[in-house]
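Inspection log for the structure reproduced underneath, given as structure tokens.
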2 protein chains.
Amino acid sequence: MSDSGLDAVKLDGAGPVYDQIRRAIRDLVLNGTWTPGTSVPPEHALMERLGASRMTVHRALVQLAREGLITRRRRSGTVVASPPASHAMLDILSIPDEVRQLGQDYAFEILSRRDGKPAAEVAALFELKRSEPIVHLVTRHLSSGQPHVLEERVIHLATVPAAADEPFETMPAGDWLLQHSLWSQAEHALSAVAAGAREAELLAIGRGEPCLLVERRTWNQSAPVTAVRLLYPGGRHRFVGRFGPYGQV
Amino acid sequence: MSDSGLDAVKLDGAGPVYDQIRRAIRDLVLNGTWTPGTSVPPEHALMERLGASRMTVHRALVQLAREGLITRRRRSGTVVASPPASHAMLDILSIPDEVRQLGQDYAFEILSRRDGKPAAEVAALFELKRSEPIVHLVTRHLSSGQPHVLEERVIHLATVPAAADEPFETMPAGDWLLQHSLWSQAEHALSAVAAGAREAELLAIGRGEPCLLVERRTWNQSAPVTAVRLLYPGGRHRFVGRFGPYGQV
DNA sequence: GCTATCTAATTGCATATGCAAATAGCAAGC
DNA sequence: GCTTGCTATTTGCATATGCAATTAGATAGC
């Protein structure tokens with residue numbers, strides 16, 4: 001094995017060559033073989049290794065760069081990009097960042113934690129099998145002392161075993177997961193619900209007041225990583241996005 | 001002027017040639033000079049007209065195709081694409097389609113209409129100048145007879161003068177606008193609110209029940225087109241989306 | 001040590017060329 | 001009329017080539 005990651009690039013013979021190259025590199029990035037910051041071999045090296053022309057390699061790399069997976073600079077070369085911190089509208093956002101961007105002080109407290117197989121209600125809420133070991137966390141995030149959002153989360157220990165030994169004292173679970181696990185797909189759902197008695201108390205709002213519920217589930221290559229329900233007091237939060245008729249602007 | 005739109009393509013000399021071509025064609029599409037279905041001149045024609053090589057023209061067209069602005073087929077040529085009916089998550093969606101996709105019958109009724117300069121509350125709600133003439137519509141959309149969503153909308157007559165003569169009897173205003181106006185940018189915001197007395201009655205829910213409020217404003221080249229507030233009964237609606245760490249999957 | 005300069009590595013862009021694949025429209029044959 | 005096949009048009013892909021722009025790192029000079 002050479003010291004660069006050159007040998008890891010393998011074509012599968014399906015479809016156009018430039019696209020084989022694109023997918024090969026994309027997969028290395030998405031499955032974590034090449035982590036952010038890793039430098040991608042220069043065009044000449046890939047060209048020789050793969051027996052393609054430089055323009056063909058170039059085309060694959062240009063496209064990956066436009067997709068945001070890599071960044072390229074003349075002379076410095078090509079490196080794997082860091083996933084952007086946030087997306088258009090809704091995403092894996094860091095709640096500490098979210099709060100600080102509003103100019104407020106951030107704090108959080110873990111209200112409860114349970115490790116092991118899920119209780120019946122938790123399994124139902126997150127659509128889990130009762131045999132899967134998880135960490136179940138309830139966290140309250142505070143913005144300058146005021147309740148900001150209530151978070152209920154499960155982390156799949158089969159996929160992220162390190163979570164079992166993590167006390168989540170220095171940072172909330174969402175941020176810890178961003179640093180200590182990979183994800184390749186997420187699904188989120190937005191709805192409006194009324195605050196229950198306990199929720200209202202924890203959020204310092206009236207019972208039955210409208211809240212925005214963000215539910216998000218995350219996978220890495222079909223293995224579930226985490227699922228979370230974020231309950232925002234309705235009056236104080238909006239999610240905003242911009243786009244054009246053919247997609248993001 | 002030739003019968004094709006060839007003459008309309010003009011480069012601005014700024015940046016790479018392929019990108020000049022790309023932007024030139026993109027602008028013709030976005031500003032409505034080339035409407036969906038219009039056929040784009042073949043690569044050879046553009047190449048001669050612009051004095052660029054075919055590969056350079058090709059690169060611009062390939063990129064536009066990937067962005068979804070045009071569709072290309074061998075031998076048939078290149079045509080301007082229709083904007084996709086819906087986006088990842090939230091967008092200018094057609095409420096009739098939304099209802100029918102759920103397998104329900106669709107109907108709508110206009111609850112009120114007022115043309116002319118906006119009343120004070122309407123102007124405040126939509127952040128309008130009181131001197132701008134608008135159409136103000138309140139519409140209820142029904143799904144198999146049940147209230148589905150409540151829509152309150154203003155249409156800017158300066159931008160869409162035809163709206164003044166349109167009774168909106170055969171289709172709701174949102175769908176009519178999709179067919180009779182252009183838009184280049186939209187902004188939406190999502191929040192949770194409690195139903196007011198009148199809203200609750202119209203949606204057949206209890207007063208104070210949580211609702212999902214979608215607010216959307218649309219522009220065409222900085223001219224405001226329309227603004228709408230859609231109030232969905234919270235319990236019956238969710239907005240769902242999927243994505244990966246680097247963007248849409 | 002510090003700075004200015006040079007060199008070479010690397011990506012960016014454009015061209016010219018050739019062939020492959022798809023297919024619209026026409027022509028020929030039945 | 002219907003089908004079958006041909007042909008020319010158009011896009012898709014890959015290569016080879018050359019030069020431009022950027023800049024990290026080495027070198028030379030002070």
Side-chain angles (χ1 to χ4, degrees), chain A residues 2-6 9-26 29 34 37-81, chain B residues 2-6 9-26 29 34 37-81:
Chain A
S2 92
D3 58 347
S4 81
L6 237 197
V9 187
K10 291 208 177 63
L11 305 190
D12 60 8
V17 177
Y18 78 87
D19 205 55
Q20 295 179 48
I21 300 176
R22 195 193 117 248
R23 283 182 284 111
I25 295 178
R26 183 201 60 188
V29 172
W34 289 357
T38 307
S39 79
V40 176
E43 295 181 355
H44 276 105
L46 288 167
M47 160 186 162
E48 288 185 6
R49 154 91 168 124
L50 301 171
S53 77
R54 184 167 86 89
M55 284 306 285
T56 302
V57 172
H58 183 71
R59 182 169 177 182
L61 293 176
V62 164
Q63 188 160 339
L64 285 167
R66 232 198 341 258
E67 293 168 8
L69 292 236
I70 59 179
T71 58
R72 322 191 70 209
R73 276 171 61 216
R74 282 164 169 154
R75 165 71 211 200
S76 313
T78 302
V79 298
V80 176
Chain B
S2 94
D3 58 347
S4 81
L6 236 197
V9 187
K10 291 207 177 65
L11 305 190
D12 60 8
V17 177
Y18 79 86
D19 204 55
Q20 295 180 46
I21 300 176
R22 195 192 118 249
R23 282 182 285 111
I25 295 178
R26 182 200 62 187
V29 172
W34 290 357
T38 307
S39 79
V40 175
E43 295 182 355
H44 276 105
L46 288 167
M47 160 185 160
E48 288 186 7
R49 156 91 167 122
L50 302 172
S53 79
R54 185 168 83 90
M55 284 307 284
T56 302
V57 171
H58 183 72
R59 181 169 177 182
L61 293 175
V62 163
Q63 187 161 339
L64 285 167
R66 229 195 347 253
E67 292 168 8
L69 291 235
I70 59 179
T71 58
R72 323 190 70 209
R73 277 171 59 216
R74 281 164 170 156
R75 165 70 214 208
S76 313
T78 302
V79 298
V80 176

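Sequence lines set the chain letters: A, B, ... in the order given, protein chains first and strands last, and positions in each chain run from 1.
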Residues A:I70 and A:L61: closest non-hydrogen pair is CD1-O, 3.4 Å
Going 5' to 3' along nucleotides 11-16 of chain C, which nucleotides have protein heavy atoms under 4.0 Å from the base (write B), which only from the sugar-phosphate (write S), and which from neither (write -)?
BBBBBB
Heavy-atom pair with the smallest gap, counting every atom of A:V62 and B:R59:
CG1-NH2, 4.0 Å
Nearest heavy-atom pair of A:W34 and A:P41: which atoms, and what distance?
CH2-CD, 3.7 Å
Heavy atoms of B:D12 and B:R23 approach each other most closely as OD2-NH1, 2.7 Å
Shortest non-hydrogen pair, A:K10 vs A:A24, comes out as O-CB, 3.5 Å
Counting a pair only when it is Watson-Crick or G-U and both distances are under 3.5 Å, which runs of at least 3 such pairs involve DNA chain D?
C:1-30 with D:1-30
Would you call B:R22 and B:E67 a salt bridge, using N to O less than 4.0 angstrom?
yes
Side-chain polar contacts of residues 74-81 of chain B - donor-acceptor pairs under 3.5 angstrom, sequence neighbours left out - could you list them?
{"unit_1": "B:T78", "atom_1": "OG1", "unit_2": "B:R72", "atom_2": "NE", "d": "3.1"}
{"unit_1": "B:T78", "atom_1": "OG1", "unit_2": "B:R72", "atom_2": "NH2", "d": "3.4"}

